[in-house]
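Below is one structure, written out as structure tokens; comments come after it.
Hydrogens, waters and symmetry mates play no part in the numbers below; they use all other heavy atoms, side chains included.
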Amino acid sequence: MVSSDSRTIKINASMPVISAGYIGPSLTPNRHALWEEEELPLNVDELVNEVMGQPMRRAGRFIKMVACGGLTCLQSVTLDYLRGKRTGIFLASGLGNVDEILPFITEVFKHGGGFPSPNQFANSVSNAAAFVLAKICNVTGTVLTVSQEELSFESALWLAQSYLECGDIDLALVGGCDIFTPTVEEYRERLNLCCRSTRPLPMGEGSSWLLLGRNEKRGLGHIFAVDFADGKVGSESLLENARTVFQDHCPSGGSLKKIFLPGFRIKADELNFWQQKGWAIDDYLPCCGIHSTAAAFGVARVFREIPGAFFIHRNAQVSGRQAAIFGATKQP
């Protein structure tokens, strides 16, 4: 255990990352394409046909994005890989299925009372998207939706690590999905964004996933630790923790690149600190825009596109609570 600033970091167990996949606002699986904030949200049906080979009927946009993101992650292993294994699904979402929840609530509480359709109700249930993905993947184990604002993905990752360590599951499909809900001004208000709390970046959306195992030999690398802190943690303290994690898990990995991934509330002066310490900055947010689970996009993208790297992803909430993910990608 590493102790710093009155908290602990669990570093004794690493999680092999078997596969990764990401979808950003351009709706191009595992690829980057130009997109404009004012054009959001794009039609998701073409993405569904590309990933699933057929339409999804009676499913809302959020459920479609979750399903496509999860299946994009599984493309390199196929669904057969899950057969016979105890698999858990951990879906993270900061805002959830706002597109379906708002019309449902409006219908129910309008003057005189309303009668929402069965589809409206089914799509508004908080765990509906994770359930649909579990059905598609024929998963009958743990299926959870985790919502902790901007730290939702980190919380889901930590929970998956706990299940894997306890031996309750063999595999964990962990992802983050948040979708753009017009307008831009309302979306920014939902995330409590202002010039004092975030870097000036466009809004976005995404559905990005990791498939994690326990003792897998194959894969893209490892997640070493997920660290939470309720108070302000200085960059020097985080750097010292990173050195300890690196030494414990990569004692002979001196040739690994060092990458720092900043969440959207991480300011420019902190980026300068890490650059001065010899870390490369991978600012993935111009590729996916601001959304609550953008961290999932950034981490999945690193595993797919930057081999031979030790990385830290740092995130923060307006309240001051912070989280860091430590990991390394496989040497080429």
Side-chain angles (χ1 to χ4, degrees), residues 22-28 32-48 56 58-69 91-111 114 116-117 119-126 128-129 145 147-153 175-208 262-267 283-298 315-319:
Y22 60 88
I23 296 172
S26 62
L27 305 187
T28 54
H32 302 153
L34 296 177
W35 56 277
E36 298 293 338
E37 186 181 65
E38 58 269 17
E39 294 177 359
L40 296 178
L42 302 179
N43 190 306
V44 76
D45 292 330
E46 289 185 12
L47 172 66
V48 170
M56 286 185 74
R58 297 184 295 277
R61 192 170 184 275
F62 181 77
I63 291 177
K64 291 175 180 178
M65 285 284 283
V66 167
C68 288
L91 166 63
S93 183
L95 294 176
N97 197 0
V98 178
D99 257 0
E100 303 293 337
I101 294 172
L102 288 178
F104 175 78
I105 292 175
T106 301
E107 185 67 28
V108 169
F109 290 102
K110 71 181 183 180
H111 181 69
S117 71
N119 281 345
Q120 272 186 316
F121 172 74
N123 280 288
S124 69
V125 175
S126 61
T145 299
S147 185
Q148 293 289 324
E149 298 180 338
E150 292 97 301
L151 305 185
S152 297
F153 177 66
C177 181
D178 279 282
I179 62 172
F180 180 89
T181 305
T183 62
V184 172
E185 290 73 20
E186 290 176 341
Y187 198 20
R188 288 185 177 274
E189 185 177 355
R190 290 187 187 104
L191 287 177
N192 194 14
L193 299 181
C194 66
C195 59
R196 297 185 304 277
S197 67
T198 183
R199 285 175 285 135
L201 294 160
M203 304 304 294
E205 63 177 10
S207 178
S208 306
F264 56 81
R265 295 199 195 277
I266 305 302
K267 299 296 191 61
D283 194 359
Y284 59 88
L285 286 161
C287 301
C288 68
I290 292 176
H291 56 283
S292 298
T293 50
F297 182 99
N315 221 346
Q317 292 176 324
V318 172
S319 65

Separation between [atom1] of [X] and [atom2] of [Y], rounded to the nearest 0.5 Å:
| X | Y | atom1 | atom2 | answer |
| --- | --- | --- | --- | --- |
| Leu27 | Met65 | CG | CE | 5.5 Å |
| Leu95 | Ser147 | CG | OG | 7.5 Å |
| Leu193 | Glu185 | CG | CD | 12.0 Å |
| Asn192 | Glu150 | CG | CD | 8.0 Å |
| Leu34 | Cys287 | CG | SG | 10.0 Å |
| Trp35 | Ser26 | CH2 | OG | 9.0 Å |

Backbone N or O of Gly263 within a donor-acceptor pair of the Arg199 side chain at under 3.5 Å?
yes
Test item: Arg265 side-chain N/O and Asn315 main-chain N/O as donor-acceptor pair under 3.5 Å:
no
For the residue pair [X] and [Y], what are the closest heavy atoms and their distance?
| X | Y | result |
| --- | --- | --- |
| Lys64 | Asp45 | NZ-OD1, 2.8 Å |
| Leu285 | Pro262 | CD1-O, 3.8 Å |
| Ser93 | Ser152 | O-OG, 3.5 Å |
| His291 | Leu191 | CA-CD1, 4.2 Å |
| Leu42 | Pro25 | CD1-O, 3.3 Å |
| Gly94 | Thr293 | N-CG2, 4.1 Å |

Does atom CD of Glu46 have more than 12 heavy-atom neighbours from other groups under 6.0 Å away?
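Open.
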Within-4.5 Å side-chain heavy-atom neighbours: Cys68 and Ile23:
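Cys68 vs Ile23: side chains touch.
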Flag the pair Glu205 / Asp178 as yes when at least one side-chain heavy-atom distance between them is below 4.5 Å, and no otherwise.
no
Audit row: His32, Tyr22, ring-ring contact (aromatic ring centres under 6.0 Å, His included) steps and yes/no
CA-CA 10 Å; His32 302 153; Tyr22 60 88; 5.8 Å; yes
Can you label the angle between the Tyr187 ring and the Phe180 ring as parallel, tilted or perpendicular, going by 30° and 60°?
perpendicular
